[in-house]
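Reviewing the structure listed below.
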Amino acid sequence: MTWWRGAAVYQVYPRSFADADGDGVGDLAGIESRLPYLRDLGVDALWISPWYDSPMADGGYDVADYRAIDPRFGTLWDAERLIAAAHAHGLKVIIDIVPNHTSDRHPWFQAALAAAPGSPERARYHFRDAPNNWRSRFGGPAWTRVDDGQYYLHLFDTAQPDLNWDNADVRAEFVSILRFWLDRGVDGFRIDVADRLAKQAGLPDRVAPTRAAPDASVPGVGASKPGVPEATVPTFAGEGPQPDKDQPEVHDVYREWRRVLDEYPDRAFVGEIWVPDPERFAMYLRPDELHTAFNFAFLKCAWEARALRGVIDRTLAAHAPVGAAPTWVLSNHDVTRHATRYGRADTRFTKRVHDVPSDPELGLRRARAAALLSMALPGSVYIYQGDELGLPEVFDLPDGSREDPVFRRTGGADLGRDGCRVPLPWGGDAPPFEFGDGGAWLPQPPEWRDRTAARQLADPASMLSLYRLALRLRRDDPALGDGPMQWLDAPDGVLAFTRGPRFTCTVNLTDRPIPLPAGKPLIASAPLEPAPDSGGAPALPPDAAAWLRT
Ligand code: GLC
């Protein structure tokens with residue numbers, strides 16, 4: 001009963017997935033209508049980004065009512081129906097829980113504003129007479145002044161006041177929310193900003209980091225040293241504990257949550273934990289805490305063999321002592337899509353940039369290879385909606401259509417995350433590409449006519465066809481998913497490893513074809529070529545990956 005240890009999990013960002021009611025915004029009925037697509041894609045579970053009642057100041061990560069569905073997305077009944085329908089399609093459902101902050105429209109925060117300084121209502125949040133030096137992750141100060149002169153803390157947007165996790169009401173409320181959704185059949189929770197709930201007592205100032213300041217706008221992304229190849233930068237190293245993150249008390253919260261979850265069979269947590277130190281990261285995955293956490297070191301890593309191997313080894317080493325299964329993540333709704341990142345000269349993800357050129361063909365080629373790499377590694381794999389279509393980041397959105405608060409709070413210096421949230425192209429020749437009947441809340445590039453799911457389904461060489469075949473092979477092969485792996489000797493720039501006695505994955509990150517090891521190719525991210533001096537034996541071209549039956 002440990003599906004989460006090896007699952008292929010598909011992230012649905014509900015605003016941008018599929019729109020059934022034609023208002024230009026995706027909804028739960030839209031997700032339900034596309035369940036056959038997800039089943040046929042071959043994923044095991046969905047992670048649905050927040051669907052709760054929300055003013056959408058941060059795309060739903062500002063929750064006004066944790067027990068209600070936003071009317072734009074549907075109703076509680078739609079959610080119950082979607083959970084049941086997903087189960088009927090053999091898909092687990094992980095929902096997003098947002099415990100670090102509420103919306104400023106949440107009744108608790110409204111009550112806190114109406115109440116006096118020092119009141120129990122204010123004690124559920126962090127109100128102070130004077131701010132400290134903390135900065136919002138979205139830019140600008142982390143404190144906003146209210147009418148009576150007090151300030152409240154918001155590590156993200158002003159519309160996202162941080163809850164006070166020392167407060168008994170807060171703890172009890174979230175246990176009750178977990179039960180509310182567990183009782184409705186969800187299979188797990190993705191925990192938003194999981195490492196920041198507990199703050200150091202007294203909220204002392206942050207100390208200046210000794211290395212380059214972390215990027216303020218991407219949650220948890222620390223800057224790498226410019227010009228230093230990733231291979232020589234310890235990927236997990238970075239800023240140490242800070243008073244607003246990774247405080248020891250946060251583990252008490254997850255121990256309590258785990259006891260609740262364990263009352264329900266077969267459920268799992270996945271934490272959004274941007275803690276670079278491997279030992280500290282692994283503490284969240286102790287047997288009485290979270291089951292899994294996102295592997296952001298893998299996401300941030302350069303498309304470079306030595307660097308990737310280092311991250312993979314450090315990931316396995318960090319997870320082994322606590323017996324947790326690793327995760328492999330290439331993209332999500334917060335970062336530049338990897339088909340774009342991998343087409344750049346510097347393929348690391350350190351922070352969002354928009355003025356750096358990317359070669360779309362190279363990016364796509366590498367994204368195909370990365371898909372096979374991530375699906376072959378031990379543990380679970382995350383697919384962000386549109387990865388399976390090879391969608392690139394969209395940079396040229398009209399400013400007026402941008403909704404991410406990052407754009408506003410940085411005065412446009414950071415274009416924000418809307419470029420990876422453009423509604424999916426399902427079919428047809430013109431926007432909104434069957435996303436819905438009523439347009440799309442962000443404009444889709446017209447050239448996505450060649451990227452629609454319908455078009456790719458008909459093309460065996462498409463990204464979608466690659467994902468579908470790879471996911472089927474992955475599901476059918478007991479050696480894939482959870483379990484051991486072993487590196488094989490390989491030339492510089494090549495990654496080769498086995499899963500079990502009969503499966504090999506080879507990734508060529510050099511700039512020339514390499515001979516393939518012996519075996520029957522199961523799938524390749526690019527057409528195999530006859531190797532120059534091999535009498536016609538197949539070779540793996542540059543920036544490509546193959547799975548072999550040996
Ligand atoms: C997480 C979410 C991100 C959100 C932030 C604040 O990092 O992934 O989208 O803006 O938390 O809730």
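Counting convention: from 1, in listed order, for ligands and their atoms alike.
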Check: Trp3 and Asp187 side chains under 4.5 Å, non-hydrogen atoms
yes
Relative to the heavy atoms of Val193, which atoms of ligand 1 are at a distance of less than 4.0 Å?
1 (C), 11 (O)
Across all chains, not counting sequence neighbours, the ring-ring contact (aromatic ring centres under 6.0 Å, His included) partners of Trp441 are none
Which residue from Asp334, Val335, Asn100 reaches closest to atom 8 (O) of ligand 1 through any of its heavy atoms?
Asp334
Using a strict threshold of under 4.0 Å (side-chain N to carboxylate O), is an ion pair present between Lys199 and Asp244?
no
Ring-face cation contact, Phe180 with Arg184, 6.0 Å cut, 45° max:
yes
Taking 4.0 angstrom as the limit and counting only heavy atoms of Arg417, give me the atoms of ligand 1 inside it, by number and element.
3 (C), 4 (C), 9 (O), 10 (O)
Looking at Phe138, which atoms of ligand 1 are within less than 4.0 Å of one of its heavy atoms?
10 (O)
In terms of atom number and element, which parts of ligand 1 are under 4.0 angstrom from non-hydrogen atoms of His101?
6 (C), 12 (O)
Output yes when Arg196 and Glu272 qualify as a salt bridge under the 4.0 Å nitrogen-oxygen rule, no when they do not.
no
With heavy atoms under 4.0 Å as the rule, classify the contact between Arg421 and ligand 1 as side chain, backbone, both or neither.
side chain
So, regarding Asp192 and ligand 1 (criterion: nitrogen or oxygen to nitrogen or oxygen, under 3.5 Å), is there a contact or not?
yes
In plain terms, say whether Arg258 and Asp288 are close enough for a salt bridge, that is, a side-chain N and a carboxylate O under 4.0 Å apart.
no
Specify side chain, backbone, both or neither for Arg190, according to which of its non-hydrogen atoms lie closer than 4.0 Å to ligand 1.
side chain
